[in-house]
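Some notes on the structure that comes next.
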Amino acid sequence: MMDLAERQMQFLFALRSRGVTDSRVLGAMEKVDRGPFVRGLFSERAYEDTPLPISCGQTISQPSIVGLMTQALNVSPRDKVLEVGTGSGYQAAILSRLARRVYTVERYDRLVREAQAIFERLDITNITTMVGDGSHGLPEQAPFDRILVTAAAEDPPGPLLAQLKIGGIMVVPVGQSDTVQSLIRVRKTEDGLDYDELCPVRFVPLLEGLGKE
Ligand code: SAM
């Protein structure tokens, strides 16, 4: 049986071997224990590089994908970041170590309450959680330096592009929900939007409206 330190070493090794090489991202992922974000039956598997079920029929993403998305976002310590799709809160907790402030929006009230309770327990004070349909963004807090969408859209949502600062970066999985999607990075410049395709991914869909739990 491996102890916690060994499991965490293996966890970081898996991240590096799958292309997460940015030392700030690896540092943040080393400090944010995935354990508290995975509950019940699956808590034993928190250090595996695999997505796992959470409440409301949703998933906590695969750690190496969390690392690659965070790396692609290139967050600076002064950044204001919007995350769409709080889920377990794990991704937001990692962003909170790299950014000045993180706003995270989730359509299930129950997931927001559970994530909020973990942030409080871990003494994380720079995350603002909101219940809502994140595909509209958060106009009252815009513009954002960085936007991370953790559910798959058919196209990068227009309101989110509009709420990105010039010089800002958005990372979003794009494609139909039942097929392999592409992780897209959008950079907003004075001249328009530059897109690049990073890797194939598989995410739950970005849905309209609020969830019923
Ligand atoms: N970032 C999460 C984490 O660290 O655990 C994983 C997110 S999970 C793959 C996708 C989440 O997006 C789900 O919790 C789902 O309810 C949420 N979601 C889907 N459509 C949404 C929308 N329009 N607005 C806000 N959240 C949405």
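Residue numbers run from 1 in the order of the sequence given. Atoms within each ligand, like the ligands themselves, are counted from 1 in listed order.
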Would you mind writing out a table of all protein N or O atoms found under 3.5 Å from any N or O atom of ligand 1, naming both atoms and giving the distance to 0.1 Å?
{"unit_1": "ligand 1", "atom_1": "1 (N)", "unit_2": "Glu83", "atom_2": "OE2", "d": "2.9"}
{"unit_1": "ligand 1", "atom_1": "1 (N)", "unit_2": "Gly85", "atom_2": "O", "d": "2.9"}
{"unit_1": "ligand 1", "atom_1": "1 (N)", "unit_2": "Thr150", "atom_2": "OG1", "d": "3.2"}
{"unit_1": "ligand 1", "atom_1": "4 (O)", "unit_2": "Gln91", "atom_2": "N", "d": "3.0"}
{"unit_1": "ligand 1", "atom_1": "5 (O)", "unit_2": "Ser88", "atom_2": "N", "d": "3.0"}
{"unit_1": "ligand 1", "atom_1": "5 (O)", "unit_2": "Ser88", "atom_2": "OG", "d": "2.6"}
{"unit_1": "ligand 1", "atom_1": "14 (O)", "unit_2": "Glu106", "atom_2": "OE1", "d": "2.7"}
{"unit_1": "ligand 1", "atom_1": "14 (O)", "unit_2": "Glu106", "atom_2": "OE2", "d": "3.4"}
{"unit_1": "ligand 1", "atom_1": "16 (O)", "unit_2": "Glu106", "atom_2": "OE2", "d": "2.6"}
{"unit_1": "ligand 1", "atom_1": "20 (N)", "unit_2": "Leu207", "atom_2": "N", "d": "2.9"}
{"unit_1": "ligand 1", "atom_1": "23 (N)", "unit_2": "Asp133", "atom_2": "OD1", "d": "2.9"}
{"unit_1": "ligand 1", "atom_1": "23 (N)", "unit_2": "Leu207", "atom_2": "O", "d": "2.6"}
{"unit_1": "ligand 1", "atom_1": "24 (N)", "unit_2": "Gly134", "atom_2": "N", "d": "2.8"}
{"unit_1": "ligand 1", "atom_1": "26 (N)", "unit_2": "Arg107", "atom_2": "N", "d": "3.4"}

Quiz item: What residues, two or more places apart in sequence or in another chain, satisfy side-chain hydrogen bond (donor to acceptor under 3.5 Å, both in side chains) together with Glu208?
Solution: none
Practice problem: Using side-chain hydrogen bond (donor to acceptor under 3.5 Å, both in side chains) as the criterion, list what pairs up with Arg97, not counting sequence neighbours. | Solution: none
Quiz item: Just wondering, do Val201 and Ser182 contact through their side chains at under 4.5 Å, heavy atoms?
Solution: no
Exercise. Nearest 0.5 Å please: distance from the CD1 atom of Ile65 over to the CZ atom of Arg202.
Key: 12.0 Å
Exercise. Any salt bridge (Lys or Arg N to Asp or Glu O under 4.0 Å) involving residues 73-94? Give me the pairs, sequence neighbours left out, ordered by first then second residue.
Key: Asp79-Arg146
Quiz item: Which class fits the ring pair Phe11 and Tyr47: parallel under 30°, tilted 30 to 60°, perpendicular over 60°?
Solution: perpendicular
